[in-house]
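In what follows, a structure is listed as structure tokens, so that the remarks can point back to it.
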Number of protein chains: 2
Amino acid sequence: MPLSVPAIKRKNAPMSQRSSSGSSGNPSRGSRASGRPTLAELAQIAGVSPITASRALRGVASVDPDLAKRVREAAAALNYVANPAARTLASAHSDAVAVLIPSLSNLLFIDTLEAIHDVLMPRGLEVLIGNFHYSPEEEEKLVRNYLAYQPRGILLTGLEQTPATRSLLKASGIPVVYMMELSREMGVHSVGFSQEESGAAVARHLLARGRRHLAYVAAQLDPRALERGLGFQRVLAGEREVRPPVWLSVPEPSSVALGGELFVRLLEAYPDIDGIFFCNDDLAQGAIFEATRRQVPIPGRVAVVGFNDLPLSAHMAPRLTSIRTPRAKVGEAAARRLVALMEGDCRAEPAIDLGFELVERESS
Amino acid sequence: MPLSVPAIKRKNAPMSQRSSSGSSGNPSRGSRASGRPTLAELAQIAGVSPITASRALRGVASVDPDLAKRVREAAAALNYVANPAARTLASAHSDAVAVLIPSLSNLLFIDTLEAIHDVLMPRGLEVLIGNFHYSPEEEEKLVRNYLAYQPRGILLTGLEQTPATRSLLKASGIPVVYMMELSREMGVHSVGFSQEESGAAVARHLLARGRRHLAYVAAQLDPRALERGLGFQRVLAGEREVRPPVWLSVPEPSSVALGGELFVRLLEAYPDIDGIFFCNDDLAQGAIFEATRRQVPIPGRVAVVGFNDLPLSAHMAPRLTSIRTPRAKVGEAAARRLVALMEGDCRAEPAIDLGFELVERESS
DNA sequence: CACCTAAGCTCTTCCCTGATG
DNA sequence: GCATCAGGGAAGAGCTTAGGT
């Protein structure tokens, strides 16, 4: 037996050389310790081994119900909460889910975020939120950073990732769900609706109402707004007697005030315009306010279509037609799909199309 | 030399009994390993010890600049990102900050949250968001849970914590900053403004305009709305010829539609009311929409004061007086104060009063 | 002072023991 | 006797603090 006896391998009772620190009454607190009860302490109190305590708390089936109960009671008495860092280190995965959204100031993403929270938190999953400000490069940085946390899953917004982001994700093997757009790619899970088709629906709507001189107005650098514009354009291109739409796109973030301003600028430059597709509802509402102030009859003079509802839309019912998208539902469905993937359930359809709704309020 | 040689203490090259797993070309991947480059690998490539690499990456001063540069270059080449779980476990504190807010659907808190993000993320701090739905009990659960993450700091909303929450926080020794209200307590750091005083200011404003039959309308179970109401009441109680205000408070979350409804209900029950303080701007705006629809002249007939701005307020300028609170500034200042506390800078004034602004739009 | 070796943070995975059918 | 299963001992996971050299 050449091996020296490892008699010094005691953790919570040094008792050897430097001892005497805790002396009496003081529940040993080595200077590096976190000061919180550990699994070993819990196990000792419950009269089981640490590994059994661990299994009991994680709800692993193969633990005697009596023992499990003892462990749970001891945990409650101690106010024991497992150290997530140690758990992550040992198991090589955390209980976190990373969610990347392009903006925190856009209501759309807030609602989505809230729905995600509501699905994930009750399952004991931590939500890490990253705001990539519509920049794929920033998104890449965030992904790189969040992968270090070894999350159980990742939710991304849109499909415009950099190649590096893609390969990082693929290499990690962590489940990913894309929100807000539909991917045709095999094995890529996405939840959303066809942005392109929603733009096309707006074009058809305006054409059906007899509008012929159309415009598209967008703010922010949102790639999805652009896609909607492309769908809008596609339908119009198929019509003989309709001119290509006027295209007004500015980089500033959208706002009610900006909507009013763009509306004025547009009508000054193109007085014969009779239908406008605003890529955001706040732009649309700003336009309507401005029109009201200037006594421009809407929709008599100009038909306005806005993308998504603000709380006020209901109060402007006679004025505004809008595309209503399932903001919260996208978050909920995406989170649910992610949970399914984390549990190894891969049978479901990769893409979930939640559709959209064209809410017509012109006629009322 | 009595110690047996610890020749088996190699980590990334088992090479002993069960070996042969990776065999050739495969960069060792022990089954429990995370598959990511480790500090030890990085150190080896940079030609230094792990601890030096660690110090170099953390920016500890006592590292030779040349070595530090070598380490940084190696890290970039490897795409090395430190494992936060291991870091937390070893140092007994994470790089996270927990932020607890009562609601995600309220714009106020979103703006605050965004400002907090903007301060903390550039400093490499992770933001953990907890939504306690205006419930102190839920808040307590979240605090208990987040303390397990050993965060570097905690931001709380309001001052209505349960006693257990208070003692948990005190025992943890983690810096805490309270947002949205001002605490008088010694050593308690808070950033906000006096809710009570803002309500009082509204009362004085209405009295100065000759209004005598006042009402207070609140939704949601927000304790701060109640405090504003108390300030409102206090000022009115000091006036001889003014009746105590009509008090309308409902538990539903506030919304534009609800504001309109409450407005109608209120005027039906008390036709002589000539001034209303709405605890949220969406309630106030709903009231104004409803009044417009019913041709009730505002402010000729009723003066309306709303709490905080929605984006649309500017477009209803002639109609609405509002209290404007520094939403984003509260988040920013609170986050900054927290960072200062984390760095051991405790000299600053514990309470930061950011004030509020009474924006009068009646006259324009 | 710059750098390193040793130890340890707290949990889980691996693998084995001893009891059960 | 030979699988099956509950439970446990030992060995890390990857980093940082302590304390030398």
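Below, read A as the first sequence line, B as the second, and so on, with proteins coming before strands; counting in each chain starts at 1.
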From [X] [atom1] over to [Y] [atom2], what is the distance, rounded to the nearest 0.5 angstrom?
{"X": "B:Leu89", "Y": "B:Asn83", "atom1": "CG", "atom2": "CG", "value": "9.5 Å"}
{"X": "A:Ile154", "Y": "A:Ser172", "atom1": "CD1", "atom2": "OG", "value": "5.5 Å"}
{"X": "A:Arg336", "Y": "A:Ile116", "atom1": "CZ", "atom2": "CD1", "value": "12.0 Å"}

Practice task
Using a cut-off of strictly less than 4.0 Å between a heavy atom of the residue and any atom of DNA chain C, enumerate the qualifying residues of residues 63-91 of chain A by number.
Solution key: A:Tyr80, A:Ala82, A:Asn83, A:Ala86, A:Arg87, A:Ala90, A:Ser91

Practice task
Applying side chain to side chain donor-acceptor pair (under 3.5 Å), name anything that partners B:Arg152, two or more places apart in sequence or on another chain.
Solution key: B:Asp95

Practice task
Kindly write out the residues that satisfy side chain to side chain donor-acceptor pair (under 3.5 Å) with A:His133, not counting sequence neighbours, or none if the list is empty.
Solution key: A:Asn131, A:Glu138

Using atom types as modelled, flag every donor-acceptor pair under 3.5 Å from a side chain in residues 68-81 of chain B to any protein atom, sequence neighbours excluded.
{"from": "B:Arg70", "atom 1": "NE", "to": "B:Ala46", "atom 2": "O", "distance (Å)": "2.9"}
{"from": "B:Arg70", "atom 1": "NH2", "to": "B:Ala46", "atom 2": "O", "distance (Å)": "3.0"}
{"from": "B:Asn79", "atom 1": "OD1", "to": "A:Arg144", "atom 2": "NH1", "distance (Å)": "2.8"}

Whole angstroms only, please: what is the [atom1]-[atom2] distance between [X] and [N]?
{"X": "A:Arg58", "N": "C:dC11", "atom1": "CZ", "atom2": "C1'", "result": "9 Å"}
{"X": "A:Leu39", "N": "C:dT13", "atom1": "CG", "atom2": "P", "result": "12 Å"}
{"X": "A:Gln150", "N": "C:dT13", "atom1": "CD", "atom2": "C1'", "result": "14 Å"}
{"X": "B:Tyr149", "N": "C:dT10", "atom1": "OH", "atom2": "C1'", "result": "15 Å"}

Practice task
Write out all pairs satisfying side-chain hydrogen bond (donor to acceptor under 3.5 Å, both in side chains) with one or both partners inside residues 114-125 of chain B, taking only residues at least two apart or from two chains.
Solution key: none

Completion exercise
What residues 46-55 of chain A contributes to the DNA chain D interface at heavy-atom separation below 4.0 Å is A:Ser49, A:Ile51, A:Thr52, A:Arg55

Under the side-chain contact (heavy atoms from CB on, under 4.5 Å) test, residues paired with [X] that sit two or more places apart:
{"X": "B:Ala43", "result": "B:Val48, B:Pro50, B:Ala53"}
{"X": "B:Thr88", "result": "A:Ala85, B:Ser94, B:Gln150"}
{"X": "B:Ile352", "result": "B:Val191, B:Arg337, B:Leu354"}

Taking only nitrogen or oxygen atoms into account, show me every contact under 3.5 Å that the protein makes with nucleotides 19-21 of chain C, one pair per line with its distance.
none

Exercise for the section: Check whether any side-chain N or O of B:Tyr146 sits under 3.5 Å from a backbone N or O of B:Ile129 as a donor-acceptor pair, and report yes or no. Expected result: yes

Problem - Side-chain donor/acceptor of A:Ser190 to backbone N/O of A:Tyr178, under 3.5 Å - result: no

Problem - Helical bend (five base pairs per end, nearest 10°) for the helix from C:dA2-D:dT21 to C:dT20-D:dA3 - result: 40°

For residues 155-164 of chain A, dump all side-chain donor-acceptor pairs below 3.5 Å to protein atoms at least two apart in sequence or in another chain.
{"from": "A:Thr157", "atom 1": "OG1", "to": "A:Leu100", "atom 2": "O", "distance (Å)": "2.7"}
{"from": "A:Gln161", "atom 1": "OE1", "to": "A:Arg166", "atom 2": "NH2", "distance (Å)": "3.3"}
{"from": "A:Gln161", "atom 1": "NE2", "to": "A:Glu139", "atom 2": "OE2", "distance (Å)": "3.2"}
{"from": "A:Gln161", "atom 1": "NE2", "to": "A:Gly158", "atom 2": "O", "distance (Å)": "3.2"}
{"from": "A:Thr162", "atom 1": "OG1", "to": "A:Glu140", "atom 2": "OE1", "distance (Å)": "2.8"}
{"from": "A:Thr162", "atom 1": "OG1", "to": "A:Thr165", "atom 2": "N", "distance (Å)": "3.0"}
{"from": "A:Thr162", "atom 1": "OG1", "to": "A:Thr165", "atom 2": "OG1", "distance (Å)": "2.7"}

